[in-house]
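So the structure is just underneath, and the comments pick up after that.
Everything numeric here is computed off the predicted structure, so don't read it as measured data.
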Amino acid sequence: MKKFLNGIDWYLFFPYIILCGIGIVMVYSASAGMGMLHQGMAQSYLHKQILFVIISLMIVLGMSRCRFVYLKNITFF
């Protein structure tokens, strides 16, 4: 586990988590009224946003494990 956590840039990871949390709150507060009017369920937008944050967090953690040194040798033309 310690080896996995060494690849994470913590100075970028914490603001990322904070911005995701702010985004979840903002999406919920902006769309709760519309959800109540049209669908009768204000939490549907909240659940979708949380799902997108979890998926993006998995992508970020997966990409932090990649070694991008190999991309320097790739040429497209």
Side-chain angles (χ1 to χ4, degrees):
M1 185 69 164
K2 191 170 186 167
K3 185 179 177 183
F4 178 74
L5 295 177
N6 283 340
I8 297 173
D9 188 2
W10 293 103
Y11 293 110
L12 291 174
F13 186 71
F14 284 129
Y16 172 76
I17 295 297
I18 291 169
L19 287 174
C20 286
I22 292 170
I24 289 171
V25 170
M26 296 303 286
V27 164
Y28 178 70
S29 65
S31 60
M34 293 296 288
M36 288 300 289
L37 287 176
H38 295 292
Q39 297 174 353
M41 194 171 144
Q43 287 82 15
S44 65
Y45 293 111
L46 178 67
H47 293 158
K48 288 177 192 176
Q49 187 70 15
I50 290 173
L51 178 67
F52 290 142
V53 166
I54 290 171
I55 290 170
S56 67
L57 183 61
M58 288 191 298
I59 290 171
V60 166
L61 290 176
M63 293 301 287
S64 71
R65 301 291 301 151
C66 294
R67 292 189 164 201
F68 293 106
V69 176
Y70 302 116
L71 292 177
K72 286 198 263 185
N73 299 329
I74 296 175
T75 58
F76 293 104
F77 297 104

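- For Ser29, there are no side chain to side chain donor-acceptor pair (under 3.5 Å) partners at least two apart in sequence or on another chain.
- Grouping the Ile, Leu, Val, Met, Phe, Trp and Tyr side chains by contacts below 4.5 angstrom, directly or via other members, places Leu12 apart from Ile17.
- To the nearest 0.5 Å, atom CG of residue Leu57 and atom CZ of residue Phe52 are 15.0 Å apart.
- Here the NE2 atom belonging to His47 is positioned 9.0 Å from the OH atom belonging to Tyr28, to the nearest 0.5 angstrom.
- Looking at residues two or more places apart in sequence or on another chain, you find a side chain to side chain contact (heavy atoms under 4.5 Å, CB included) between Ile24 and Leu46, Gln49, Ile50, Val53.
- Under the 4.5 Å side-chain heavy-atom criterion for grouping Ile, Leu, Val, Met, Phe, Trp and Tyr, Ile59 is connected to Leu51 within one hydrophobic cluster.
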